[in-house]
Amino acid sequence: MNKIDIINKIKKIKQEKNAVILAHCYQNIEIDEVADFVGDSLSLSQQAAKTDADIIIFAGVYFMAETAKILSPQKKVILPRLESGCLMADMINTEELKTFKAQYPESPVVCYVNSTAEIKAESDICCTSANAVKVVQSLPDKRILFVPDRGLGAYVASQLPDKEIICYSGYCPTHMRIRPEDIFEKQAKYPDAEVLVHPECHTSVIKLADYIGSTSGIMKRIKESSAKVFIIATEKGVVDRLQRDYPEKTFILASEKAICENMKWTTLEDILISLETEQPEITVDKHIAEKAFSAIDKMLKI
Ligand code: 13P
Ligand code: SF4
């Protein structure tokens, strides 16, 4: 079957089965041709919570499909490539979180949504990179535990000097592969470029930014900026979409190594197969899902 046939077949089955396809901006760009909604983690959670579809096909990684299931337990949630995990989410397990919490028993835990359902269930509130500062600021406590991303946690701490943020040691290997030398090298070639950096990056890269923001923040900034050239320090999928949407501007990926392999496994063929078979379905233990829902719901209400 050629690509056009696959796309048409996906659209037909999607309608017949009242299914919705949600895709993260780090997916291969061809996925956008069948997606009902493409966005960052926060906007995808919001979409998952409000859709009236019977089936959600999640073109993303495991924790995203799990979050969709927690928000819409009555819906069938499908992750076309079950092995699409998140290396950062896997850097902390429940035992490790309990040990971390035991050191600061009075302090609330803010958990980056890039985490397993079990970790969310043991946390007080979730956040995404788009709302992390707002979520931490909303808590009355001075000391906050932040898991699992030390990169995002350090950025939040830099924005909220009145808070004492204790970060877990997890990190995103994709964003941490971007080095300050990559930015210097690109700046030498494009001296007028604006440098936009995702807060999952290393502090030494964040320091070089003209703008620091989540995926949606970076996209908004591009819309508003009068600059013509941008050096983008985040995952390649964002750059691909920006170049498609703003052909008159130039976007330079800070490092060719900034590719999340897990996000790139899903193909149009996988989406078609998962729509036809309604597999692999994501389930979450009821008890864990209820506790995790509370942490996600608190975030969505902020
Ligand atoms: P956002 O979608 O919140 O920008 O997160 C980036 C990310 O690493 C998703 O896996
Ligand atoms: Fe996880 Fe990083 Fe990939 Fe996002 S980019 S899914 S945080 S490994």
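Model, not experiment: these values are computed from the prediction. Note that ligands are numbered from 1 as they come in the structure, with each ligand's atoms numbered from 1 the same way.
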* Using distance alone, determine whether Asp40 and ligand 1 share an N or O pair under 3.5 Å. => no
* Asked: So does Lys236 have more than 12 non-hydrogen atoms from other groups sitting under 6.0 Å from NZ?
  -> no
* Asked: Charged N to carboxylate O under 4.0 angstrom, Glu66 versus Lys120?
  -> no
* Structure fact -> Within 4.0 Å of some non-hydrogen atom of Tyr26, the atoms of ligand 1 are 6 (C), 7 (C), 8 (O), 9 (C)
* Asked: Counting only heavy atoms not in Phe251, do more than 12 fall under 6.0 Å of its CZ?
  -> yes
* Is the closest N or O pair between His24 and ligand 1 shorter than 3.5 Å? -> yes
* Under 30°, 30 to 60°, or over 60°: which ring-plane class applies to Phe100 and Tyr168, parallel, tilted or perpendicular? -> perpendicular
* Lys257, NZ atom: more than 12 neighbouring heavy atoms under 6.0 Å -> no
* Asked: Got a salt bridge between Lys189 and Glu185, using NZ or NE/NH1/NH2 to carboxylate O under 4.0 Å?
  -> no
* To do: Using a 4.0 Å heavy-atom threshold (strictly under), name the region of Met88 that reaches ligand 1: side chain, backbone, both or neither.
  => neither
* Which heavy atom of the protein is the closest neighbour of atom 4 (O) of ligand 1, given with residue, atom name and distance? -> Thr215 OG1, 2.6 Å
* **N/O donor-acceptor pair under 3.5 Å between Asn8 side chain and Asp5 backbone** => no
* Asked: So is Glu200 in contact with ligand 2, going by heavy-atom distances below 4.0 Å?
  -> yes
* Crowded around Gln15 CD? As in, over 12 foreign heavy atoms under 6.0 Å? -> no
* Structure fact -> On a heavy-atom basis, the closest approach of Glu281 and Ile78 is CA-CG1, 4.3 Å
* Nearest-contact summary for atom 3 (O) of ligand 1 - protein heavy atom, Å -> Ser129 OG, 2.7 Å
* Structure fact -> Under 4.0 Å from one or more heavy atoms of Glu200, ligand 1 contributes atoms 5 (O), 6 (C), 7 (C), 8 (O)
* Structure fact -> When Leu139, Ile166, Leu145 are each screened for side chain to side chain contact (heavy atoms under 4.5 Å, CB included) with Ser107, the one that passes is Leu145
* Relative to atom 1 (Fe) of ligand 2, how many protein N, O or S atoms have a separation of less than 2.8 Å? -> 1
* Qualifying residue, where the test is side chain to side chain contact (heavy atoms under 4.5 Å, CB included) with Tyr26 and the options are Val61, Ile259, Thr234, Thr174 -> Thr234
* Report yes if His175 has an N/O atom closer than 3.5 Å to an N/O atom of ligand 1; otherwise report no. => no
* State the atoms of ligand 1, each with its element, that fall below the 4.0 Å cut-off from a heavy-atom position in Met64. => 9 (C), 10 (O)
* Is it the case that more than 12 heavy atoms not belonging to Gln74 sit under 6.0 Å from its CD atom? -> yes
* Asked: Is ligand 1 under 4.0 Å from a heavy atom in the side chain of Glu235, in the backbone, in both, or in neither?
  -> neither
* Should the pair Lys9-Glu276 be classified as a salt bridge under the 4.0 Å nitrogen-to-oxygen rule? -> yes
* For ligand 1, which atoms, with element, lie under 4.0 Å from some heavy atom of Asn114? -> 7 (C), 8 (O), 9 (C), 10 (O)
* Return yes or no for this condition: an N or O of Ser41 is under 3.5 Å from an N or O of ligand 1. => yes
* To do: Using a strict 4.0 Å cut-off to heavy atoms of Tyr26, name the atoms of ligand 2 that fall inside it.
  => 5 (S)
